[in-house]
Structures are given as structure tokens and as C-alpha cells.
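No experiment lies behind these values; they were computed from the predicted model shown. All values below come from the heavy atoms of this structure, side chains included, with hydrogens, waters and symmetry mates left out. First the proteins, then the strands, lettered A, B, ... as listed; each starts at 1.
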Number of protein chains: 2
Amino acid sequence: MVTIRDVAAKAGVSAATVSRIINGKGQATPETIARVHAVIKEMGYKPNVVARSLTSRQSNTIALLVPTISNPFFPELARGVEDSANSYGLNIFLCNTDDEREKVRNYLISLRDRYVDGVIVNSLNVTEEDLEELHSHGIPTVTLDRTFSSHKFSSIGVKHREGARLATSHLIDIGCKRIGIIRGPEDDSTAIQRLWGYRDCVKNFDWFDQSWIALGDFSVKSGYLCMKELFQRHPDIDGVYAANDLMAIGLLKAAHEWGRKVPDELAIVGFDGIDMTQYTNPPISTVKQPAYEMGRMAIEELLRLKKLDEHNWYAKKQELDVEFILRESSMR
Amino acid sequence: MVTIRDVAAKAGVSAATVSRIINGKGQATPETIARVHAVIKEMGYKPNVVARSLTSRQSNTIALLVPTISNPFFPELARGVEDSANSYGLNIFLCNTDDEREKVRNYLISLRDRYVDGVIVNSLNVTEEDLEELHSHGIPTVTLDRTFSSHKFSSIGVKHREGARLATSHLIDIGCKRIGIIRGPEDDSTAIQRLWGYRDCVKNFDWFDQSWIALGDFSVKSGYLCMKELFQRHPDIDGVYAANDLMAIGLLKAAHEWGRKVPDELAIVGFDGIDMTQYTNPPISTVKQPAYEMGRMAIEELLRLKKLDEHNWYAKKQELDVEFILRESSMR
DNA sequence: AATCCTTACGTAACCGTTTTCCAAAAGCGT
DNA sequence: ACGCTTTTGGAAAACGGTTACGTAAGGATT
């Protein structure tokens, strides 16, 4: 391996000079610069990133924490992050947390130890203290779909509640009289907002009560099981809003097994806008989140913070619009 | 940050001694060991992983290259790798290559520079020279579903051809008279093997010729488009084997739009065994690959190589069985 | 000509480990 | 008590960079 000292020797300068030239710091005569660059090229020198990390406490890497890559929404998000990061020459560390506190902790520690340059968090079980801790080490963060009251943390979210309202009111508009919801986990703030959006639209109907709410966990299977539950409780149900697309897909299967025609006897709307919803039978109406765009923005925000001095960090809270996509599952 | 020297000072020994004790190398009196450990605990000392990497040329990290995490098969595989890696205290670096040579190259270089301890490759566009290069830097590799003739590289694969035969012969068994295939990309060896398996079963029928083969790219959309193509070419088609599940899902939609009843007028079988196939309407028969298990085995193999001296590396080529799963899409 | 500023670059310390080599201490046999 | 081997642990040099500081040379200013 060729080191900076090898280059220095061959170019007849000191290692410090080579370092400065590489990093464009301090001055040097045009001749020296040219000579050093020539030698670098000739010897095929490449700075050792690990050694660099040791002194600079940076790693050219940013981390993305997601709850699971098994839900296609997250890969889409990850691509946004990755493409954008690559365009800046940054590597990304994709971390699957399964929303388990233990895994989150481990990742966070390991990431800090590796001097990651920033962390994008889209995962439950990350506390304000965790972010605080990263900040105290000079590591900026951006949360996705998680906001903390503190003004210190940047976040990017979408209008979940509004999206849920779009979905639910659409069901009402097409004539559904009894609308259920398959909600997401209780400790998930996005799930809660999506539930609220639904509530906003149905709370004044006299048929509405808690029993129209089924508790899912965002998996296909839970959508399937919850739908069966709803059928049992309310044979007269004629519309369902699933708080994410995977559950909507499971739900579709349950409807089929239960012998309900979609959309005529049961209208369905999902949430997320994953690709698969176009290909189900029938295709599922959904509220599309700009996943890719969110990923892109997260990187931008991280870089904005990086440029600032740690003490001047001021958080930005951004909220993106969602888009309702009408498909057969709710066309009457 | 507390360093090894801080610990040394407080314990009244040298940094070298602390290092030796931590790593269990060389000897020390039980008292010294106990004292050092006590101080480590008291001060909350944790070795700096970056500094460690610099000297040891290791990083406690292994990388996994996959073509895309958007195909649910790969997340499943990734989980196997990750869970297993975690149980050994290893971090994993998940790399999305999109099967682009450029990205593969960049990742490989970046990974080598970061002293990854091993690389698991399940991606096209990785050449024998790439692996050779990693080996020359002491980095062991395991390929997944890619085998090179050289005996130097360990690999884990599944019996694609056999799986394709299972699928195709099943279609024949249930009475299909005209069976098409939606194959995968031409440069993908697994796609080729799966095609062969199909050919093995149909080549002797007099109806068979090239026109029963449609060229897909393993995406849902391509399954959809290819099926339309097949319908146009062969209105009498009554069975299709899709070389992966995503394409089978796309195909299902095409069948529906074309007004063909599945399975009665068109029987369908996929490949991979992704979860989603259980939830389509109808559920899709498939050939299940032990994705999780493959991931697990890849780590095991990597660790086996790590323990050996680089010069003693002898490759193992393992091939796992697939399992045919019968579902409604091909039940008559 | 003396003074001061700038520029260009070298020296050496540093980042936090590991590891090689070596010396002191301890154990052992006689 | 004396050599001889084995333990135990320290000093210092790696690993491959960055950077604070210093200095010599050259130019401008008075």
C-alpha cells in the first residue's frame, strides 16, 4: 500500500504538504501542487479512509435506521437516501431495527463509534436522549415521520392525518355507510395520526364507536386477520381504510375469502403508495407518500446541518403533502 | 473520551498491558487482570473501533451485496445474514447494487478501503477478478447464487434447475397442454438455470419452440407485460411458469385483465417463495428458496474462512434444496 | 537598510490502538 | 547463593493520516 509519506518522498516534500494539497488547505505554489498531483496519480495513491476517520472523526458515511426493509415502503425511501447520498460521494449504512429498542441502541452506539457523519432515523424506539447524545458527539440527525417537541431536531414528515382524512372521506363520498379502520401499532405516532384522520371523518356518525377500529401491526398478515375480526363484529361493514398498503393487501384476501366483492360490497383504501398496490386484484386505492423524495430531502437537511457549526444548528421541521390515488378497490 | 492510556494510568500499568488484557494475548498476573478490568468498568472504557481498524485491518463488519432490496426475496436473505451476523457481534453493511457494474465497483473499493472482514455477494456484475482482488487483501468472500469455475471461491446456491423442473412438471401433471415461461434476464445465471429446468420438461413436446419464452427482468411490471405478450402470441396458453414470484404477481394481473380464470384456464407457478404469494388472489404456487437459511450459511462460511489462514482457504460449494409449494394458482 | 507581512512548507505532535522487542522480576534447580 | 529459564509488563514504533506551530524566503513599507 502506498502511503502519504511515500508520495511525499517521491515528490520531495513533506507529508504535511501532501495532506494540505489533497485537502486544499493552506497554500502551496502551483508547481508543487502540480508535482504532488502528478506523483499521486503516478503512484496510484489513495488516502486511507480509516486513518482519516481516526483524526477527522468523520467517515463519509451516513446511517439510515428503518424499522424493516420487508415493507416495500422503506426500500423506496432507502433508495432516495442512497441515490442522493451517492451523488455527494457519501456511503450509507442501512440499519434494520425491527423497532426493537435493543437493536436501536446497539446500532446507535456502533454508529457513533464509527464516526458516522449523520443519522437519519425512521424507526420507533429512538428517544430524545438518543438524539441528544448523537448531537453531543457532533453527529447531526434527521427524523423521518417522528417529531419531537424539542426544536433541536430536524424532521421530515408527511401529512398523515390529512392523508387519512382523504382516504376516509373518499369512502364516505362513494357512499360507504359503515367504515372500519385497520390501524397501526399503538406506539407508532404515524399510526396514531392516521387513526385521528379517520376519526375526524367518522366521529359524528351515530354508528361509529371503538369497535370499528381493529389493531394491526402494519404486516400483510395482520391486515388479513384484522379484516376477519371486523367482518365478525360488523357483517354490515362496507368500507375499510387500512393504515398501510401491506395491511390493505392482507385485507383484500380476507374480503375474498369472506365472499365480499371489492369494491361493490366492500371498498378499500390503503396508505403509503407502494408499487404492489397497482398489481393486486383489484388494484388498491391508496394515499401515496413521497418516499423517494423524503429520502432525498433527509440527506439535504443533514448536509445543511453539517455545514453549520454544531452550536448553530437550528432544526427545520418539514411536512410534505400526500396524494390520493384512486384505483378500482374503491371505485363505484 | 476515555482512552486506553487513561485506563493504563489509573490502573498503574502501561497501555500495552491494558491492550493485551483486553485482547487476551500474552500473559498477566490474575491480580493485574482483575485490576485492569475493574478500572475499565469504572471508567466506562470502550476501545475505539476506528483506531482498532487502523492497526488490525479489520472492522468487525461484513458486507452483503444484493441486486435490489425492492424484491422481497432479498430482504429475507438479508435478515438471515443480519441475524446471524449480529449473533457473532458483527455489523453488516447492506449494499444495493442494482446490478450495475459501476455501483458494484464503487462498493467493492469502498468496502476494501474500510477493511471489511468479508463480503457476501449476491449480485451480477461481480467478476472473478473482483473476488481475486478482495482475496489478495485477505478478505474472504462467499457468493450466493453465483458460482465461478475457480475452486477458490466459496458459494452457496440452490437447485434452480431442479426447482424449475418441479414447477414445470407440476403444470404438466395437472394437465396443462401449452406451457409458457417468463424467464429472467439473459445475463443472470439463475435465470438461465431456471429456463433450463423448464426446457428439460417441455423440449420434447411438438408444440414447443422459442416463442413460448418471454424475456422478463424479475420485476412485477415485466411479468405483467410479458404475460400480455404471451397471450398475444399464444391465445391457447394454459399454464405459465414465472421465473420469480414478482413476475408471477404481475402475470396474475395480466391474466385477470385478459379475462382468463386462474387456475382453471391458466395455471401459474412462481419461484422464490416470497411471503406475498400467499396473499394474492388466488395465492400463487411457488418454488421456495431457503432465503433466510442461505443468509445464515453465508455468515458461517465466511467465519470458517476467517479462522483459516488466508493461504489455506479452501472453498466450499454448497447447494441447497428447494421446496415446491402448492397453492390455488395451480390447483385443478 | 531595517522592519514587517505574507507565503510556502517542514517538524513534530497527535488521533487511539496494537505489537515487537526488551528488561526486570520471579521461579527453579543445584 | 548463583545461574538459567520463564513470566510479566514497559517503551517505543508502528498503522496512515491531520494539524498547530515555526521558520525561512521574498516582497512591501518606511
Side-chain angles (χ1 to χ4, degrees), chain A residues 1-40 43-61 109-110 112-117 137-139, chain B residues 1-40 43-61 109-110 112-117 137-139:
Chain A
M1 168 175 258
V2 27
T3 74
I4 199 170
R5 290 181 226 272
D6 298 335
V7 173
K10 192 149 190 175
V13 295
S14 75
T17 302
V18 177
S19 174
R20 276 187 296 250
I21 289 176
I22 289 174
N23 299 297
K25 296 187 177 167
Q27 339 344 272
T29 43
E31 297 91 79
T32 318
I33 296 181
R35 188 151 36 91
V36 167
H37 276 131
V39 174
I40 286 177
M43 304 183 79
Y45 168 71
K46 267 189 52 185
N48 179 310
V49 293
V50 176
R52 266 193 170 165
S53 285
L54 187 58
T55 48
S56 67
R57 289 163 181 275
Q58 307 246 329
S59 62
N60 243 296
T61 303
I109 291 172
S110 162
R112 164 164 62 58
D113 287 354
R114 281 160 204 271
Y115 300 137
V116 286
D117 298 349
H137 283 266
I139 302 174
Chain B
M1 168 173 257
V2 26
T3 73
I4 199 169
R5 288 183 229 274
D6 299 335
V7 174
K10 191 149 191 175
V13 295
S14 76
T17 303
V18 178
S19 173
R20 275 186 296 249
I21 289 177
I22 289 175
N23 299 297
K25 298 189 176 166
Q27 25 282 311
T29 43
E31 298 90 80
T32 320
I33 295 182
R35 186 150 38 91
V36 167
H37 276 129
V39 174
I40 286 177
M43 306 183 78
Y45 168 71
K46 269 189 52 186
N48 178 310
V49 294
V50 176
R52 263 193 171 167
S53 285
L54 187 57
T55 48
S56 68
R57 289 163 182 277
Q58 308 247 327
S59 63
N60 243 294
T61 303
I109 291 172
S110 164
R112 164 163 61 58
D113 287 354
R114 282 159 203 273
Y115 299 138
V116 287
D117 298 348
H137 283 265
I139 303 173

Rounded distance in Å - [atom1] ([X]) to [atom2] ([N]):
X      : N      : atom1 : atom2 : answer
A:I4   : D:dC15 : CD1   : C1'   : 14 Å
B:I21  : D:dG10 : CD1   : P     : 9 Å
A:L54  : D:dG16 : CG    : C1'   : 9 Å
A:R5   : C:dT11 : CZ    : P     : 12 Å
B:Q58  : D:dC15 : CD    : C1'   : 14 Å
B:Y115 : C:dT18 : OH    : P     : 15 Å
A:N23  : C:dC9  : CG    : P     : 16 Å
B:M43  : C:dG16 : CE    : C1'   : 14 Å

Heavy atoms from C-beta onward define the side chain here; which of [options] lies closest to that of [X]?
X     : options                : result
B:Q27 : D:dT7, C:dC15, D:dT18  : D:dT7
B:R57 : C:dT17, D:dC15, D:dG17 : D:dC15
B:A16 : C:dG10, D:dG10, C:dT17 : D:dG10
B:S14 : D:dG10, C:dC9, C:dT18  : D:dG10
B:T55 : C:dT19, D:dC15, C:dC15 : D:dC15
A:K25 : C:dG16, C:dG10, D:dT19 : D:dT19

Inset, instruction - Could you pick out which residue, A:V2 or B:I33, lies toward the 5' side of DNA chain D when each is mapped onto its nearest nucleotide? - result: B:I33

Inset, instruction - Could you give me the CA-CA distance, side-chain angles and deciding distance for B:D6 and B:M43, then say whether side-chain contact (heavy atoms from CB on, under 4.5 Å) is met? - result: CA-CA 9 Å; B:D6 299 335; B:M43 306 183 78; 4.0 Å; yes

So what does [X] hit on the nucleic acid, given a heavy-atom distance under 4.0 Å: a base, only sugar-phosphate, or nothing?
X     : result
A:A28 : sugar-phosphate
B:S19 : base
B:T32 : sugar-phosphate

Side-chain N or O of [X] less than 4.0 angstrom from OP1 or OP2 on [N]?
X     : N      : result
A:Y45 : D:dG17 : yes
A:S56 : D:dT18 : no
A:T29 : C:dC9  : yes

Inset, instruction - Could you check B:N48 against B:R20 and say which one's nearest nucleotide on DNA chain C is further toward the 5' end? - result: B:N48

Legend entry - Side chain B:S59, main chain B:Y115, donor-acceptor under 3.5 Å: yes

Inset, instruction - Kindly say whether B:A15 contributes a backbone atom to a donor-acceptor pair with the side chain of B:S19 at under 3.5 angstrom? - result: no

Inset, instruction - Measure the shortest side-chain to side-chain distance between A:V13 and A:I21 over non-hydrogen atoms and say whether it is less than 4.5 angstrom. - result: no

Legend entry - Point-to-point distance, once rounded to the nearest 0.5 Å, from OG1 of B:T61 to CG of B:D117: 6.5 Å

Legend entry - A:N60 side, atom CG; A:S53 side, atom OG - distance, nearest 0.5 Å: 8.0 Å

